[in-house]
There are 2 protein chains.
Amino acid sequence: MASLNVGSLGEYIREQRRNAQYSLRQLADAAGVSNPYLSQIERGLRKPSAEILQQIAKALRISAETLYVQAGILEERQEEGPGLRAAILADPLIGERQKQALLAVYEAFLKENRENPESRDGRADDAPPAPDAAHG
Amino acid sequence: MASLNVGSLGEYIREQRRNAQYSLRQLADAAGVSNPYLSQIERGLRKPSAEILQQIAKALRISAETLYVQAGILEERQEEGPGLRAAILADPLIGERQKQALLAVYEAFLKENRENPESRDGRADDAPPAPDAAHG
DNA sequence: CCACCGTGCTTGCAATTGCAAGCAGGGTGC
DNA sequence: GCACCCTGCTTGCAATTGCAAGCACGGTGG
């Protein structure tokens, strides 16, 4: 991992720790990691594993995903892509082939609608996209 | 990490690799990891870092999150499921009946994935069975 | 002064991670 | 037969990860 990411990860952890008003030792104890190691992580000298990040996140009462994103091993969720295609591709509950199958169905519908605009039927649906905010 | 998780991770990777009809060396090369190490990972002898999992996932053309979940460092997201439902319903280019059809396909995939978690990247309806050598 | 406690950090080391070099086996062509 | 290619795996090693023991400093109380 590039030291830049590690640097920002450590800064982030230190900031969250200070926000929570924990000393280094308190957080290390709560997280079940050694305090020297936590110090090294905060100063960007070591690159902790995902398991360690999980432990630290739990002790800080933040989501592990937040630290994964800071560490560069997870991308921030795109809540609503520019379209349904992106939403399908971004869905983590289905696999690539299932995504391709859904996209194929969707493309077939689009093609059908281009060739026969009347087939859309009841498109009075103007509800705004679901406000799927990033989880806290 | 409990060896149980590493075991299932390795099995999962091997299965995905075989689904993609890659040899161990081909996948290792594509992923940028050494082939002995990939072999060890598949056999559950080593616990790869998240970065290595990212590389393997990219080479397999699956999401890194999928492997993180298998490795036990990420929980399956439930929240995005409703997100795609909303995106389908919000899409202005398809009609109500088409939306319901897409939703039905999506729900079928989710159900299938719950009952058989490894079928996400499995056989799409129109995909022929992989020409596996019988008992390799 | 001292002893004690808290703070964050240094340092050496054991275990783990990932790799390079190579082995063993199967198959093919000459 | 041989050489070559492919397959997956073994093995020893360097680098990295995470820790235990301890240091240095500041503050407090006797």
Side-chain angles (χ1 to χ4, degrees), chain A residues 1-60 64 67-68 70-73, chain B residues 1-7 9-60 64 67-68 70-73 130-136:
Chain A
M1 181 183 303
S3 61
L4 280 181
N5 276 353
V6 172
S8 63
L9 169 70
E11 288 163 7
Y12 184 79
I13 289 173
R14 180 161 287 190
E15 182 185 358
Q16 297 302 311
R17 172 168 69 81
R18 286 179 170 157
N19 285 347
Q21 299 186 348
Y22 283 172
S23 71
L24 187 97
R25 277 198 165 108
Q26 286 172 335
L27 179 59
D29 289 344
V33 306
S34 73
N35 73 74
Y37 191 53
L38 180 58
S39 174
Q40 288 170 330
I41 293 166
E42 289 191 348
R43 289 172 288 130
L45 299 183
R46 294 288 165 92
K47 191 205 77 174
S49 66
E51 284 75 24
I52 295 290
L53 289 180
Q54 261 190 337
Q55 290 169 223
I56 292 171
K58 188 172 180 182
L60 284 173
L67 291 187
Y68 294 163
Q70 290 289 329
I73 62 176
Chain B
M1 180 185 304
S3 62
L4 280 181
N5 276 353
V6 170
L9 169 70
E11 288 163 6
Y12 184 77
I13 288 173
R14 180 162 285 190
E15 183 185 1
Q16 299 303 310
R17 173 170 68 81
R18 286 179 171 158
N19 286 346
Q21 300 187 348
Y22 281 172
S23 71
L24 185 97
R25 278 200 163 105
Q26 285 172 336
L27 179 58
D29 288 345
V33 307
S34 73
N35 73 73
Y37 191 54
L38 180 59
S39 175
Q40 288 170 330
I41 291 166
E42 289 191 350
R43 289 172 289 131
L45 300 183
R46 294 290 166 91
K47 190 205 74 173
S49 65
E51 284 75 24
I52 295 289
L53 291 179
Q54 261 189 338
Q55 289 168 223
I56 293 170
K58 187 171 180 182
L60 283 171
L67 291 187
Y68 294 164
Q70 289 289 328
I73 62 175
D132 266 345
H135 308 312

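Within every chain, numbering begins at 1; the chains are lettered A, B, ... in the order of the sequence lines, protein sequences first and strands thereafter.
Near DNA chain D, defined here as any heavy-atom distance below 4.0 Å, the residues from residues 23-36 of chain A are Arg25(A), Gly32(A), Val33(A), Ser34(A), Pro36(A), listed numerically.
Using a 4.5 Å heavy-atom threshold, the side chains of Arg14(B) and Arg17(B) count as touching. Side-chain contact check for Pro48(B) versus Leu67(B): every heavy-atom pair is 4.5 Å or farther apart. For the pair Gln70(B) and Gln16(B), the minimum side-chain heavy-atom distance is 4.5 Å or more.
For the side-chain contact (heavy atoms from CB on, under 4.5 Å) test, residues two or more places apart in sequence or in another chain that qualify with Gln54(A) are Ala64(A), Tyr68(A).
Taking atom CD of Gln21(B) as the reference point, atom C1' of dT7(D) lies 16 Å away to the nearest angstrom. One interatomic measurement links the two molecules: CD of Glu42(B) to C1' of dG8(D), which rounds to 9 Å at whole-angstrom precision.
Note that CG of Leu60(B) and CD of Gln55(B) are 12.0 Å apart. Values are rounded to the nearest 0.5 Å. Rounding to the nearest 0.5 angstrom, the gap separating the CG atom in Leu9(A) from the CD atom in Glu42(A) is 9.5 Å. Expressed to the nearest 0.5 Å, how far CG of Leu38(B) lies from CD1 of Ile13(B) amounts to 7.0 Å.
Protein chain B contacts DNA chain C over a range whose 5' and 3' limits, counting nucleotides with an atom under 4.0 angstrom from a non-hydrogen atom, are dT17(C) to dG22(C).
Checking Gln55(A) against Arg17(B), the closest nucleotide of DNA chain D that is more toward the 5' end is the one next to Arg17(B).
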Return a table of donor-acceptor pairs under 3.5 angstrom between the side chains of residues 25-36 of chain A and protein atoms on other chains or two or more places apart.
| from | atom 1 | to | atom 2 | distance (Å) |
| --- | --- | --- | --- | --- |
| Gln26(A) | OE1 | Ser23(A) | N | 2.8 |
| Ser34(A) | OG | Tyr37(A) | N | 3.2 |

